[in-house]
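Taking it in order: structure first as C-alpha coordinates, then the write-up.
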Amino acid sequence: MASSLSQEEENYVRMSLLLTGISPRAARALFDQEFAPSCLDSSLKKEFNKLKDLQKKRVINQSQWNLLFPRFPDVPDSKSFDVTLIITLLRNLTTLTPPCSGFDQLPSDNENTPSSDLARIKYYRNFLAHLDEGKVDSTTFTTAWDNVTSVSSS
(Lines give C-alpha, C1' and ligand atoms only; values in the text may rest on other atoms or scores of the structure.)
Protein backbone atom coordinates (compact mmCIF):
# COMPACT_ATOMS: atom_id res chain seq x y z
CA MET A 1 0.00 0.00 0.00
CA ALA A 2 2.05 2.89 -1.27
CA SER A 3 0.90 6.36 -0.38
CA SER A 4 2.78 9.56 -0.83
CA LEU A 5 2.57 12.51 1.46
CA SER A 6 1.71 15.95 0.18
CA GLN A 7 4.35 18.64 0.67
CA GLU A 8 2.28 20.11 3.53
CA GLU A 9 2.05 16.71 5.25
CA GLU A 10 5.78 16.13 4.80
CA ASN A 11 6.43 19.57 6.34
CA TYR A 12 4.30 18.58 9.33
CA VAL A 13 6.18 15.29 9.81
CA ARG A 14 9.60 16.94 9.51
CA MET A 15 8.63 19.70 11.93
CA SER A 16 7.24 17.15 14.40
CA LEU A 17 10.49 15.20 14.33
CA LEU A 18 12.51 18.36 14.85
CA LEU A 19 10.39 19.44 17.81
CA THR A 20 10.25 16.03 19.49
CA GLY A 21 13.73 14.74 18.66
CA ILE A 22 16.21 17.57 18.38
CA SER A 23 14.87 20.64 20.18
CA PRO A 24 14.42 18.79 23.52
CA ARG A 25 18.19 18.25 23.55
CA ALA A 26 18.78 22.00 23.23
CA ALA A 27 16.33 22.73 26.06
CA ARG A 28 17.90 20.02 28.24
CA ALA A 29 21.42 21.39 27.63
CA LEU A 30 20.31 24.78 28.98
CA PHE A 31 18.50 23.11 31.87
CA ASP A 32 21.60 21.12 32.81
CA GLN A 33 23.65 24.36 32.80
CA GLU A 34 21.20 25.93 35.23
CA PHE A 35 20.69 22.78 37.33
CA ALA A 36 23.84 20.67 37.50
CA PRO A 37 22.75 17.03 37.12
CA SER A 38 24.80 15.99 40.17
CA CYS A 39 22.89 18.53 42.32
CA LEU A 40 19.45 18.26 40.70
CA ASP A 41 17.90 16.34 43.60
CA SER A 42 19.03 18.86 46.22
CA SER A 43 18.18 21.82 43.95
CA LEU A 44 14.61 20.60 43.57
CA LYS A 45 14.26 19.85 47.28
CA LYS A 46 15.34 23.45 48.04
CA GLU A 47 12.52 24.66 45.79
CA PHE A 48 9.94 22.22 47.17
CA ASN A 49 7.51 24.90 48.41
CA LYS A 50 7.60 26.81 45.12
CA LEU A 51 7.13 23.57 43.18
CA LYS A 52 4.25 22.52 45.46
CA ASP A 53 2.59 25.86 44.76
CA LEU A 54 2.98 25.27 41.00
CA GLN A 55 1.38 21.86 41.49
CA LYS A 56 -1.55 23.40 43.40
CA LYS A 57 -1.99 25.89 40.54
CA ARG A 58 -2.00 22.96 38.09
CA VAL A 59 1.12 24.21 36.32
CA ILE A 60 2.82 20.93 37.26
CA ASN A 61 0.72 17.76 36.97
CA GLN A 62 1.02 14.57 39.00
CA SER A 63 3.14 12.65 36.49
CA GLN A 64 5.58 15.58 36.29
CA TRP A 65 5.62 15.76 40.09
CA ASN A 66 6.56 12.09 40.22
CA LEU A 67 9.52 12.79 37.94
CA LEU A 68 10.67 15.66 40.17
CA PHE A 69 10.26 13.69 43.39
CA PRO A 70 10.54 9.97 42.58
CA ARG A 71 10.28 7.30 45.26
CA PHE A 72 13.45 6.53 47.20
CA PRO A 73 16.07 5.33 46.17
CA ASP A 74 15.46 6.91 42.75
CA VAL A 75 16.56 10.50 42.11
CA PRO A 76 15.29 12.97 39.50
CA ASP A 77 17.06 12.98 36.13
CA SER A 78 16.57 15.67 33.51
CA LYS A 79 16.73 12.99 30.80
CA SER A 80 13.25 11.90 31.91
CA PHE A 81 11.82 15.46 31.74
CA ASP A 82 9.91 16.54 28.66
CA VAL A 83 10.27 19.99 27.13
CA THR A 84 7.16 21.30 28.88
CA LEU A 85 8.51 20.43 32.32
CA ILE A 86 11.99 21.75 31.47
CA ILE A 87 10.57 25.08 30.34
CA THR A 88 8.29 25.29 33.39
CA LEU A 89 11.23 24.75 35.74
CA LEU A 90 13.48 27.21 33.91
CA ARG A 91 10.72 29.85 33.89
CA ASN A 92 9.89 29.49 37.55
CA LEU A 93 13.13 28.51 39.30
CA THR A 94 15.84 30.50 37.53
CA THR A 95 16.72 34.12 36.94
CA LEU A 96 16.53 33.81 33.14
CA THR A 97 15.15 37.04 31.75
CA PRO A 98 11.93 36.37 29.82
CA PRO A 99 11.72 37.40 26.16
CA CYS A 100 10.31 40.90 25.55
CA SER A 101 6.85 39.53 24.76
CA GLY A 102 7.00 36.80 27.43
CA PHE A 103 7.39 33.05 27.17
CA ASP A 104 3.97 32.50 25.58
CA GLN A 105 4.52 34.51 22.39
CA LEU A 106 6.89 34.00 19.48
CA PRO A 107 9.93 36.22 20.11
CA SER A 108 11.14 38.60 17.43
CA ASP A 109 13.96 37.44 15.17
CA ASN A 110 16.45 39.81 16.80
CA GLU A 111 16.02 38.25 20.27
CA ASN A 112 18.78 35.68 20.68
CA THR A 113 18.75 34.83 24.37
CA PRO A 114 18.36 31.37 25.89
CA SER A 115 14.89 32.29 27.13
CA SER A 116 13.79 33.50 23.67
CA ASP A 117 15.07 30.20 22.24
CA LEU A 118 12.92 28.32 24.76
CA ALA A 119 9.92 30.45 23.85
CA ARG A 120 10.42 29.59 20.16
CA ILE A 121 10.46 25.86 20.91
CA LYS A 122 7.37 26.21 23.11
CA TYR A 123 5.55 28.33 20.50
CA TYR A 124 6.09 25.89 17.64
CA ARG A 125 5.28 22.83 19.77
CA ASN A 126 1.96 24.46 20.68
CA PHE A 127 1.42 25.47 17.06
CA LEU A 128 1.82 21.84 15.92
CA ALA A 129 -0.28 20.47 18.75
CA HIS A 130 -3.25 22.60 17.71
CA LEU A 131 -3.22 21.79 13.99
CA ASP A 132 -6.27 19.81 12.97
CA GLU A 133 -5.17 18.43 9.62
CA GLY A 134 -1.49 17.54 10.14
CA LYS A 135 -0.37 19.93 7.42
CA VAL A 136 2.05 22.88 7.48
CA ASP A 137 2.32 25.19 4.47
CA SER A 138 5.81 25.71 3.04
CA THR A 139 6.19 29.35 4.12
CA THR A 140 5.29 28.58 7.74
CA PHE A 141 7.48 25.48 7.66
CA THR A 142 10.55 27.36 6.38
CA THR A 143 10.16 30.10 8.99
CA ALA A 144 9.60 27.63 11.82
CA TRP A 145 12.44 25.37 10.67
CA ASP A 146 14.88 28.29 10.54
CA ASN A 147 13.76 29.55 13.97
CA VAL A 148 13.99 26.17 15.69
CA THR A 149 17.18 24.92 14.04
CA SER A 150 18.96 28.13 15.00
CA VAL A 151 17.97 27.33 18.61
CA SER A 152 19.12 23.72 18.39
CA SER A 153 22.52 24.70 17.04
CA SER A 154 23.24 27.60 19.40
Side-chain angles (χ1 to χ4, degrees), residues 2-41 43-44 47 50-51 53-68 76-154:
S3 72
S4 65
L5 297 175
S6 69
Q7 184 61 54
E8 290 82 9
E9 290 167 328
E10 185 177 320
N11 291 344
Y12 176 86
V13 170
R14 290 179 67 203
M15 203 163 143
S16 295
L17 291 172
L18 174 67
L19 291 167
T20 59
I22 297 169
S23 63
R25 289 184 232 152
R28 188 166 294 105
L30 175 60
F31 182 86
D32 288 344
Q33 286 175 4
E34 293 289 323
F35 298 94
S38 61
C39 303
L40 181 58
D41 188 35
S43 297
L44 293 173
E47 299 287 359
K50 194 179 280 188
L51 291 165
D53 189 49
L54 291 171
Q55 185 189 33
K56 285 179 188 166
K57 292 177 182 173
R58 300 179 190 264
V59 175
I60 293 176
N61 65 35
Q62 188 60 47
S63 63
Q64 292 169 324
W65 184 263
N66 294 342
L67 294 173
L68 297 173
D77 184 346
S78 69
K79 291 182 191 84
S80 67
F81 298 175
D82 66 8
V83 171
T84 302
L85 181 55
I86 288 172
I87 291 173
T88 298
L89 296 172
L90 287 169
R91 281 176 75 164
N92 290 284
L93 302 181
T94 69
T95 58
L96 288 177
T97 303
C100 293
S101 56
F103 279 101
D104 300 321
Q105 301 294 319
L106 183 62
S108 64
D109 290 343
N110 63 351
E111 285 188 79
N112 296 310
T113 64
S115 56
S116 61
D117 290 344
L118 289 174
R120 285 183 185 90
I121 291 169
K122 181 179 184 294
Y123 177 87
Y124 286 113
R125 283 174 53 96
N126 287 343
F127 169 80
L128 269 191
H130 292 97
L131 288 179
D132 290 330
E133 297 186 18
K135 296 179 181 178
V136 176
D137 68 77
S138 292
T139 303
T140 303
F141 171 78
T142 301
T143 301
W145 187 267
D146 291 344
N147 274 326
V148 175
T149 55
S150 69
V151 168
S152 300
S153 63
S154 58

Heavy-atom pair with the smallest gap, counting every atom of Met15 and Tyr124: CE-CD2, 3.7 Å
Spacing of Ile22 atom CD1 and Thr149 atom OG1 [to the nearest 0.5 Å]: 9.0 Å
Under 3.5 Å: donor-acceptor pair, side chain of Asn11, backbone of Phe141: no
Gap between atom CD of Gln33 and atom CG of Leu90 - 0.5 Å precision: 10.0 Å
Phe35 backbone acceptor or donor facing Ser43 side chain under 3.5 Å: no
From Leu89, Ile86, Asp32, Leu85, residue fulfilling side-chain contact (heavy atoms from CB on, under 4.5 Å) relative to Ser78: Asp32
Asp53 and Lys56: CA distance, side-chain angles, deciding distance, salt bridge (Lys or Arg N to Asp or Glu O under 4.0 Å) verdict: CA-CA 5 Å; Asp53 189 49; Lys56 285 179 188 166; 5.9 Å; no
Stepwise side chain to side chain contact (heavy atoms under 4.5 Å, CB included) test for Phe81 and Leu40: CA-CA 12 Å; Phe81 298 175; Leu40 181 58; 4.1 Å; yes
Separation between OG of Ser115 and CZ of Arg120, rounded to the nearest 0.5 Å: 9.5 Å
Exam field: side chain Gln7 to backbone Ser138, donor-acceptor pair closer than 3.5 Å: no
Interatomic distance, Ile60 atom CD1 to Leu51 atom CG [nearest 0.5 angstrom]: 5.0 Å
Ser116 side chain vs Pro99 backbone, donor-acceptor pair below 3.5 Å: no
pair Leu30-Leu96: side-chain heavy atoms closer than 4.5 Å: yes
Arg125 to Thr84 - nearest heavy-atom pair and separation: NH2-OG1, 3.9 Å
Side-chain H-bond candidate by donor/acceptor type, Thr143 with Thr140, under 3.5 Å: no
Residues which pass side chain to side chain donor-acceptor pair (under 3.5 Å) with Asp77, listed by chain and number, not counting sequence neighbours: none
Minimum heavy-atom distance between Asp137 and Glu8, given as atom pair plus value: CA-CG, 4.0 Å
Geometric class of the Tyr123/Phe127 ring pair [parallel <30°, tilted 30-60°, perpendicular >60°]: parallel
Atom pair OG1/CG of Thr20 and Asp82 - distance to nearest 0.5 Å: 11.5 Å
Contact summary for Gln105 and Ala119, nearest pair of heavy atoms: O-CB, 4.0 Å
Residue pair Tyr12 / Glu133, side-chain heavy-atom distance below 4.5 Å: no
Any side-chain heavy-atom pair of Leu68 and Pro76 under 4.5 Å: no
Under 3.5 Å side-chain donor-acceptor pair for Gln62 and Gln55: yes
Test side chain to side chain donor-acceptor pair (under 3.5 Å) applied to Asp109 - qualifying residues, sequence neighbours left out: none
Shortest non-hydrogen separation from Ile87 to Leu118 and the atoms involved: CD1-O, 3.7 Å
Side chain to side chain donor-acceptor pair (under 3.5 Å) partners of Glu34, counting only residues at least two apart: none
Distance, nearest 0.5 Å, that separates OG1 of Thr94 from CD of Glu47: 10.0 Å
Stepwise salt bridge (Lys or Arg N to Asp or Glu O under 4.0 Å) test for Asp104 and Arg91: CA-CA 11 Å; Asp104 300 321; Arg91 281 176 75 164; 3.1 Å; yes
Least distance between heavy atoms, Lys50 atom then Asn92 atom: CD-O, 3.4 Å
